[in-house]
Enquirer: 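Let me give you the structure first, and then I'll get to my questions.
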Amino acid sequence: MLEARYLEGLTYEGLLPRLWRNRDRVEAFYAGLPPLPPLPRAQRALALAEDWCPDSVQAIPVLARLPLEVRFFFRDENRDLAEAYAKEGKRIVPTVVFLDGAYGELARWHGPPEAARAFLREKQAEGLSPKALLLAYHRAFSRFAEAMLAEWRALLSP
């Protein structure tokens, strides 16, 4: 059942035209990332994301650069998946579900990475305006890509 639902998802190329707020940012971040090494055990990933979410904007290109098959779903259009992969009753974006070759769930990750959370707490304490905070956050995306990858590797390590 998960296989059929998974295959309904969007590839990275299929997702891009549907990103109307942050497509340029996603493409620029993707272009700046090198090819990434594989994650332990994962062959596929199912990702719940939203275009308005800065954490999704940073996760989408990282997932797309990994050597695994990824399908993206907009959380708000896919309530069944959002409910199935909720954390403590909350439908978080981004949520990444790592799968093996038989579509068995290996691990779930709910973003953003802890390094991004710490960065946001620090910048909020500095009293940055929401706009300045978002700009600073976008400028730090490459740092959070490494943090995401480290968290994903830790989740998937035997």
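Each residue takes its place number in the sequence, starting with 1.
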Enquirer: When you compare the side chain of L16 with that of R23, does any pair of heavy atoms fall below 4.5 Å?
Expert: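 A side-chain contact under 4.5 Å exists here.
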Enquirer: Below 6.0 angstrom between ring centroids: does that apply to W152 and F98?
Expert: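 When the ring centroids of W152 and F98 are compared, they turn out to be within the sub-6.0 Å range.
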Enquirer: Give a yes or no on whether a salt bridge exists between E105 and R108, defined as a side-chain N under 4.0 angstrom from a carboxylate O.
Expert: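 Yes, E105 and R108 are salt-bridged.
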Enquirer: Just by modelled atom types, is the D51 backbone N or O under 3.5 Å from a matching donor or acceptor in the N22 side chain?
Expert: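 Yes; at least one donor-acceptor contact below 3.5 Å.
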Enquirer: As an exercise, state the distance from NE2 of H138 to CZ of R25, rounded to the nearest 0.5 Å.
Expert: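 Going from the NE2 atom of H138 to the CZ atom of R25 covers 3.5 Å.
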Enquirer: Could you give me the CA-CA distance, side-chain angles and deciding distance for R44 and Y103, then say whether side-chain hydrogen bond (donor to acceptor under 3.5 Å, both in side chains) is met?
Expert: CA-CA 8 Å; R44 295 182 173 88; Y103 298 91; 3.3 Å; yes
Enquirer: Are L66 and V97 co-members of a hydrophobic cluster defined by side-chain heavy atoms under 4.5 Å apart?
Expert: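 Different hydrophobic clusters.
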Enquirer: Spell out, as yes or no, whether a donor-acceptor pair under 3.5 Å connects the side chain of E50 to the backbone of D76.
Expert: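 Yes, the answer is positive, given that a donor and an acceptor are paired below the 3.5 Å cut-off.
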Enquirer: Roughly how far, to the nearest 0.5 Å, is CG of L106 from CG of D100?
Expert: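 These two atoms lie 5.0 Å from each other.
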Enquirer: With hydrophobic residues grouped by side-chain heavy-atom distances under 4.5 Å, do F73 and L7 end up in a single group?
Expert: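 Yes, one cluster joins them.
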Enquirer: Can you tell me how far the CG atom of L46 sits from the CZ atom of R71, to the nearest 0.5 Å?
Expert: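 Taking CG in L46 and CZ in R71, the distance rounds to 10.0 Å.
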Enquirer: Report yes if the side chains of I92 and L48 come closer than 4.5 Å at any heavy-atom pair, otherwise no.
Expert: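 No, their side chains stay 4.5 Å or more apart.
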Enquirer: Answer whether the closest heavy-atom distance between the side chains of V96 and V70 falls below 4.5 Å.
Expert: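 Heavy-atom side-chain distance check fails, nothing below 4.5 Å.
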Enquirer: Which heavy-atom pair separates E151 from E114 by the least distance, and what is that distance?
Expert: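 Residues E151 and E114, closest heavy atoms: OE2-N, 2.7 Å.
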Enquirer: How close do R75 and A82 get, heavy atom to heavy atom, and via which atoms?
Expert: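 Shortest heavy-atom separation between R75 and A82 comes out as CG-CB, 3.6 Å.
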Enquirer: At their closest point, which heavy atom of L156 faces which heavy atom of A42, and how far apart are they?
Expert: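 It is CD1-CB, 3.9 Å.
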Enquirer: Do R18 and E77 sit within salt-bridge range, that is, some charged N less than 4.0 Å from a carboxylate O?
Expert: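 Salt bridge between R18 and E77, a charged N being under 4.0 Å from a carboxylate O: yes.
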Enquirer: To the nearest 0.5 Å, what is the distance between CH2 on W109 and CE on M148?
Expert: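 That separation rounds to 5.5 Å.
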Enquirer: Do you reckon L36 sits in the same ILVMFWY cluster as L155, going by side-chain contacts under 4.5 Å, direct or chained?
Expert: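 In one cluster: yes.
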Enquirer: Evaluate the side-chain proximity of R153 to P37: yes if any heavy-atom separation is below 4.5 Å, no if none is.
Expert: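 Heavy-atom side-chain distance check passes, below 4.5 Å.
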Enquirer: How far apart are the closest heavy atoms of V26 and P61, and which atoms are they?
Expert: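 Reported closest heavy-atom pair: O-CG, 3.6 Å.
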Enquirer: Within a strict 4.5 Å, meaning less than it, do heavy atoms of the Q58 and V62 side chains meet?
Expert: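 SC-SC contact between Q58 and V62 ruled out.
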Enquirer: Do F72 and L63 have side chains that get closer than 4.5 Å, going by heavy atoms?
Expert: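 F72 reaches L63 side chain to side chain.
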Enquirer: Does atom CZ (R121) have a neighbourhood of more than 12 heavy atoms from anything else shown, all under 6.0 Å?
Expert: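 Yes, enclosed.
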Enquirer: Should the pair F29 and F141 be assigned to parallel (<30°), tilted (30 to 60°) or perpendicular (>60°) ring geometry?
Expert: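 If you compare the ring of F29 with that of F141, the planes turn out tilted.
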Enquirer: Is Y85 linked to L10 within one hydrophobic cluster, defined over Ile, Leu, Val, Met, Phe, Trp and Tyr using a side-chain heavy-atom separation of less than 4.5 Å?
Expert: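 No, separate clusters.
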Enquirer: Could you verify whether a donor N or O on one side chain and an acceptor N or O on the other, from Y137 and D55, lie under 3.5 Å apart?
Expert: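 Judged by distance alone, the side chains do pair up.
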Enquirer: Which pair of heavy atoms, one from G89 and one from A86, lies closest together, and at what distance?
Expert: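 In terms of heavy atoms, the two residues are closest at C-CB, 4.1 Å.
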Enquirer: Flag the pair D80 and R5 as a salt bridge only when some basic side-chain nitrogen lies within less than 4.0 angstrom of an acidic carboxylate oxygen.
Expert: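 Between R5 and D80 there is a salt bridge, with a charged N closer than 4.0 Å to a carboxylate O.
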Enquirer: Would you say that F74 contacts V93 through its side chain, given a criterion of any heavy-atom pair below 4.5 Å between the two side chains?
Expert: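 Counting from C-beta outward, F74 and V93 never come under 4.5 Å.
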Enquirer: Does a side-chain heavy-atom distance below 4.5 Å link P54 with L134?
Expert: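 Yes, their side chains come closer than 4.5 Å.
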Enquirer: What's the spacing between K87 NZ and K90 NZ if we round to 0.5 Å?
Expert: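 So the NZ of K87 and the NZ of K90 are separated by 9.0 Å.
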Enquirer: Start with the C-alpha distance between E69 and Q43, add both sets of side-chain angles, then the distance that settles side-chain contact (heavy atoms from CB on, under 4.5 Å), and finish with yes or no.
Expert: CA-CA 6 Å; E69 183 183 302; Q43 294 182 12; over 6 Å; no
Enquirer: When rounded to the nearest 0.5 angstrom, what is the spacing between OH in Y30 and OH in Y12?
Expert: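 Rounded to the nearest 0.5 Å, the OH-OH separation comes out at 6.0 Å.
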